There are 2 protein chains.
Amino acid sequence: MKKPSSTQASAARSKAVTEKKPKSPAIRIVLADDHHVVRQGMAAIIATEPDLKIVGEACDGEQTLALCAELKPDVLVLDLRMPVLDGFEVVKRLITDDPAACILVMTTYDTDEDIWRCLRAGAKGYILKDASQPEIITAIRTVARGESFTTPLLAVRLANRATAPELSPRESEVLQLLAYGKTNKEIATALNIEPGTIKSHIQSLFKKLGTSNRSEAINAASKRGLIRMS
Amino acid sequence: MKKPSSTQASAARSKAVTEKKPKSPAIRIVLADDHHVVRQGMAAIIATEPDLKIVGEACDGEQTLALCAELKPDVLVLDLRMPVLDGFEVVKRLITDDPAACILVMTTYDTDEDIWRCLRAGAKGYILKDASQPEIITAIRTVARGESFTTPLLAVRLANRATAPELSPRESEVLQLLAYGKTNKEIATALNIEPGTIKSHIQSLFKKLGTSNRSEAINAASKRGLIRMS
DNA sequence: ATATCGCTATCCCATTTGGGAGAGACACGG
DNA sequence: CCGTGTCTCTCCCAAATGGGATAGCGATAT
């Protein structure tokens, strides 16, 4: 699925920095973040390292895909929350095209579930936006070598997350509606099944989440990023 | 309560940029954000304007207070989410000291309640981190003149928020525990009152939030930022 | 072919919750 | 002093929820 690099710049407002031939083989980076401030900040940090070079910037998921296809960067530094196509989708698609792609996910306040999904999908690294400059640089270099980098803090949380049972698709649906404040009857109507069946699903949910009532379930699910309540 | 500016740099790791006498009266800015990346980005953006000058940076609430007391900046650009002391507290204390202080709150994904509280406490402006460079610059200049600046998008949401009734202190307590997944009996025990009384409070909550069950209440409260579930 | 898993459904029973209507005590501001 | 609001508590009743057991059906994996 690799497109030849002759592809014309196809991303709408994406900004492909004009390339200079690097004397030493610099690490070529694409930066994807919808916040202008963050892109500026990353650019400033990366500019301090001569062997790191931002070759393109994107501010949504589609641009990111287009830009990566076009520029074939050594590393993609990727924000999870982006318009149009979110970070997780981007990771999935890029890894499908090229399983060896080096993706460093960078995010602010995200849940274990997001992190987990991205790493499972093939992202090589995961750092938080409050990381220090050296940590960011190290992470980029490590991922560029094809190795994986994860903040120790996250590693612990991921260990917990790994032991938690997955929800079935139906359970996820029920959980969404439950979290939205629907009654069993309403959920049943929405899903076109019997209210009693909803009770069964909710019983399963409670067991998997380790909770004993709806509110606790909403809490647990929110913490784990199984539902989004914003 | 204004301390003389002779105060020694007291903030632990705060970074006071060495002052040069500006030829034209530049707008002196203190930047408070716990994310190194964001500080770098803001610095880069502000550096493009000759009449704007960052005189200090802080990465938590206490540093921010110390730095403002010491440097008396024209504008404080303040992130809401910070360790030690959150942004709202900083606004409150600074405004207490100097009601004319020019504070521009800058944040990412925050709730109407946060915004509302800050503006009510006396912040002059409120922008989102995904603002464009011109918008950021304009916001800083506007706030520096003592005028107020708020993203149009936020103005609408604030209008809604203004009509919502306030919760009483007791109701807030009950809401917290309810949202945590406690039963009426548990809440009663925690607050040392009768379970029946909890029901009364919850009835009030439902009316004020416009909900009819716990899950909906958790939802509404979360949206409005009345509770925090992370 | 057999086992497992997910989805569906039903029955019973105890507990919790939601809705309504009061009412006394206390503090605060006009 | 009087109204208002908050916090407290009570009683009643209907609806929703939580817990348990059980079971058919289809798909999928072993």
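We use all heavy atoms of the structure for the numbers below, so side chains are in, but hydrogens, waters and symmetry mates are not. Please read these numbers as outputs of a predicted model, since none were measured by experiment. Numbered from 1 within each chain, the chains take letters A, B, ... in sequence-line order.
Rounded to an integer number of Å, the gap from A:Glu186 CD to C:dG18 P is 13 Å. For B:Lys185 and D:dT17, the NZ to C1' distance is 14 Å, given to the nearest whole Å. With rounding to whole Å, B:Leu205 atom CG is found 14 Å from C:dT17 atom P. Residue A:Glu216 contributes atom CD, which lies 14 Å from atom C1' of D:dT17 at whole-angstrom precision. The distance from atom CD1 of A:Ile198 to atom C1' of C:dA9 is 11 Å, rounded to the nearest whole Å. With rounding to whole Å, B:Ile202 atom CD1 is found 13 Å from C:dT16 atom P.
A salt bridge does not link B:Arg81 with B:Asp114: none of the charged nitrogens is closer than 4.0 Å to a carboxylate oxygen.
Closest-nucleotide positions on DNA chain D for B:Arg170 and B:Asn213 were compared, and the one nearer the 5' end corresponds to B:Arg170. Ranked by how close their nearest DNA chain D nucleotide is to the 5' end, B:Glu166 and B:Asn192 are led by B:Glu166.
When the nucleotides C:dA9, C:dT16, D:dT8 are ranked by their closest atom to the side chain of A:Ile193, C:dA9 comes out on top. Distance from the side chain of A:Glu194 is smallest for C:dT10 among the nucleotides C:dG19, D:dA16, C:dT10.
The residue A:Thr197 sits close to a base: some heavy atom pair falls under 4.0 Å.
One finds the OG atom of B:Ser222 at 10.0 Å from the CG atom of A:Asn219 (value rounded to the nearest 0.5 Å). Put simply, CD on B:Glu135 and OG1 on B:Thr151 are 4.5 Å apart, with the number rounded to the nearest 0.5 Å. Of the inter-residue distances, the one linking A:Ser215 atom OG with B:Lys182 atom NZ reads 12.0 Å to the nearest 0.5 angstrom.
Taking only side-chain nitrogens and oxygens, B:Lys199 never comes nearer than 4.0 Å to OP1 or OP2 of C:dT17. Residue A:Ser168 places at least one side-chain N or O closer than 4.0 Å to OP1 or OP2 of C:dC7.
Contact of B:Ser200 with D:dC9 (side chain to base): a donor-acceptor pair of N or O atoms is detected under 3.5 Å.
Under the 4.5 Å side-chain criterion, counting only non-hydrogen atoms from C-beta, A:Asp130 is in contact with B:His35.
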